[in-house]
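Written out below as structure tokens is the structure these notes cover.
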Amino acid sequence: MTTNPIPTRTLGTPGIDVGSLGLGCMGMNDAYGNYDEERSLRTIERAVDRGVTLFDTSDLYGSGRNEELVGRGLAAHRDEVAIATKFGITRVPDGDLTGVRGDPAYVREACEASLRRLGVDTIDLYYQHRVDPDTPIEETVGAMAELDAEGKVRHLGLSEASADTIRRAQAVHPIAALQTEYSLWFRDVEDEILPVCRELGIGFVAYSPLGRGFLTGAVRSAADLRGDSDFRHTVPRFQGDNLDRNIALVDEVRALADEVDATPGQVALAWLLARGDDIVPIPGTSRPERLDENADAARLELDQDVLERLDQVFAPDAIYGDRYSAENMRLLNTGA
């Protein structure tokens, strides 16, 4: 039985109905270290119980093992949930990223592999993880549309694409959702990307809505990261003076959270949910107690005064440091 279920929202037109908060599954066995598969499976089960219906993974995460984990965790709930996965970023097994591919042959190859790992016949929402600069987006989306026609995917998505790319993709086949980083800590999408999604009727899935855990207040120094395997060590926002200056911003969130009897993470999620009914954040966690904390944010309504104060504290020019390392920024910029 679902316990205190979260509200629902619709992504895209024609849309896919999902819970207003999804679950980002990457950290269950990739990027952050300190993995516990059984705990992650309990977290997935708890998410279903709380009314979370959008579960996000990628063939990149854990070199495919994340898809396998998500598939096992959701096997008993297949008809209750929407599984989203991504293709496009290539890497050597458990190693460095090697590039981006979006050619039609690779689109089909990647989809077939994801279907096998997930143990499903259809992927509910299939994203291009990063745009391939060597393949016209029309060709990539055309290949994705063929998968839709064959019943192998239900809805198409893009991730970290430019406004022009989004328009060109939409002209080929309806795009249900764009997935891009969005939080108090990263608001660049408000200038151009979010408006074009709204113009075209495309839903917005916000990844890293808690700033990779930073907005929860859990990180006060580099020592709070999860060992050498935690990729945040490479992120400029978590380094040196940048980290010290950014912590002062989180202290402001903590003060506001105390005023509304919530946690800093809940305030950060409630702020994002208040930006529009077309936005579905996908906070990641592998802990059931954190899942419950995040889910409770779906019903937290912040007063306009609190929202405006958050806007002021986290003005886009108030954040110190880039959101990715130089190498990962190079991959991000392929979609322009």
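Positions are given from 1, in the same order as the sequence printed here.
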In terms of heavy-atom contacts, Glu293 and Thr263 come closest through OE2-OG1, 2.8 Å

Do you know the tightest heavy-atom contact between Phe87 and Ala110?
CB-CB, 3.7 Å

Would you say the side chains of Glu45 and His77 form a donor-acceptor pair under 3.5 Å?
yes

Within the structure provided, determine whether Val131 and Leu158 are in side-chain contact (heavy-atom separation under 4.5 Å).
no

Does Val260 form a side-chain contact (heavy atoms from CB on, under 4.5 Å) with Leu256? I'd like the steps, not just the answer.
CA-CA 7 Å; Val260 299; Leu256 287 171; over 6 Å; no

Closest approach of Leu273 to Pro281 (non-hydrogen atoms, all atoms of both residues):
CD2-CD, 3.5 Å

Kindly assign one of parallel, tilted or perpendicular to the pair Trp185 and Phe214, based on the angle between their ring planes and the thresholds 30° and 60°.
parallel

At what distance, to the nearest 0.5 angstrom, does CD of Glu139 lie from CG of Asp134?
11.0 Å

Just by distance, do the side chain of Ser159 and the backbone of Gln179 share a donor-acceptor pair under 3.5 Å?
yes

Quick one: does any side-chain atom of Thr216 pair with a main-chain N or O of Gly213 as donor and acceptor, under 3.5 Å?
yes

Take atom CD in Glu289; do more than 12 heavy atoms of anything else shown fall under 6.0 Å from it?
yes

Taking all heavy atoms of Gly217 and all of Val250, pick out the closest pair and write down the distance.
CA-CG1, 3.7 Å

Between Met28 and Asn66, is the side-chain contact (heavy atoms from CB on, under 4.5 Å) condition met? List the steps.
CA-CA 7 Å; Met28 292 179 174; Asn66 196 256; 4.1 Å; yes

With sequence neighbours excluded, tell me which residues meet ring-ring contact (aromatic ring centres under 6.0 Å, His included) with His155.
none

Side-chain contact test, heavy atoms from C-beta onward, threshold under 4.5 Å: evaluate it for Leu23 versus Ile282 and give yes or no.
no

Determine whether a donor-acceptor pair (N or O, by modelled atom type, separation under 3.5 Å) exists between the side chain of Asp132 and the backbone of Gly102.
yes

Counting N and O atoms only, with roles assigned by atom type, does the side chain of Lys86 sit under 3.5 Å from a partner on the main chain of Thr57, one being a donor and the other an acceptor?
yes

Checking the side chain of Thr13 only, and the main-chain atoms of Gly15 only, is there a donor and an acceptor separated by less than 3.5 Å?
no

Between Ile193 and Ser162, the two heavy atoms sitting closest are CD1-C, 3.9 Å

So CZ of Phe186 and CZ of Phe314: to nearest 0.5 Å the spacing works out to 14.5 Å

Whether Asp36 and Arg287 form a salt bridge (side-chain N of Lys/Arg under 4.0 Å from carboxylate O of Asp/Glu) is what I want to check.
no

Do NZ/NE/NH1/NH2 and the carboxylate oxygens of Asp303 and Arg309 come within less than 4.0 Å?
no

Taking C-beta and beyond as the side chain, do Ile83 and Leu125 meet within less than 4.5 Å on heavy atoms?
no

The residue among Arg42, Arg72, Arg65 that forms side-chain hydrogen bond (donor to acceptor under 3.5 Å, both in side chains) with Glu37 is Arg72

Side chains of Asp56 and Cys25: closer than 4.5 Å at any heavy-atom pair?
no

Check whether any side-chain heavy atom of Trp271 sits under 4.5 Å from a side-chain heavy atom of Leu215, and report yes or no.
no

What I want to find out is whether Asp292 reaches Arg50 closely enough, with some N-O distance under 4.0 Å, to be called a salt bridge.
yes

Whether Glu146 and Lys152 form a salt bridge (side-chain N of Lys/Arg under 4.0 Å from carboxylate O of Asp/Glu) is what I want to check.
no

Does Thr43 use its side chain to pair, donor to acceptor, with the backbone of Arg39 at less than 3.5 Å?
yes

Taking Glu181 first and then Arg212, would you say they form a salt bridge - that is, a charged N and a carboxylate O separated by under 4.0 Å?
yes

dist Ser114:OG -> Glu68:CD (nearest 0.5 Å) comes out at 10.5 Å

Asp278 side-chain N/O to Gly203 backbone N/O, donor-acceptor pair under 3.5 Å:
no

The single option from Leu184, Val313, Leu310 passing side-chain contact (heavy atoms from CB on, under 4.5 Å) against Glu252
Val313

Do the side chains of Asp49 and Arg46 get close enough for a salt bridge, i.e. N-O under 4.0 angstrom?
yes

Does a side-chain heavy-atom distance below 4.5 Å link Thr140 with Pro136?
no

For the atom pair CG (Leu156) and OH (Tyr126), what is the distance rounded to the nearest 0.5 Å?
10.5 Å

Report the C-alpha distance between Phe204 and Val280 in whole Å, list the side-chain angles of each, state the deciding distance to 0.1 Å, and finish with yes or no for side-chain contact (heavy atoms from CB on, under 4.5 Å).
CA-CA 6 Å; Phe204 193 101; Val280 175; over 6 Å; no

For Asp59, salt bridge (Lys or Arg N to Asp or Glu O under 4.0 Å) partners two or more places apart:
none

Determine, step by step, whether Val153 and Cys111 satisfy the side-chain contact (heavy atoms from CB on, under 4.5 Å) criterion, reporting the C-alpha distance in whole Å, the side-chain angles of both residues, the deciding distance to 0.1 Å, and the verdict.
CA-CA 9 Å; Val153 305; Cys111 181; 4.0 Å; yes

Can you confirm whether Leu54 sits close enough to Leu11 that some side-chain heavy atom of one is under 4.5 Å from a side-chain heavy atom of the other?
yes

Do Thr85 and Tyr127 have side chains that get closer than 4.5 Å, going by heavy atoms?
no

Less than 4.0 angstrom from a charged side-chain N to a carboxylate O is my criterion; do Arg108 and Glu150 meet it?
yes

Checking Thr10 side chain against Asp17 main chain: does a donor-acceptor pair fall under 3.5 Å?
no

Answer yes or no: is there an ion pair linking Arg167 with Glu199, defined by an N-O contact shorter than 4.0 Å?
yes

So, taking the atom named CG in Leu60 and the one named CG in Leu97, what distance separates them when rounded to the nearest 0.5 Å?
6.0 Å

In short, Ala298 meets Pro7 closest at the heavy-atom pair CB-CD, 3.9 Å

Any sub-3.5 Å donor-acceptor pair from Gln170's side-chain atoms to Ile175's backbone N or O?
yes

Separation between OH of Tyr61 and CD of Glu67, rounded to the nearest 0.5 Å
10.0 Å

Ignoring hydrogens and geometry, is there a side-chain-to-backbone donor-acceptor pair from Arg9 to Ile279 under 3.5 Å?
yes

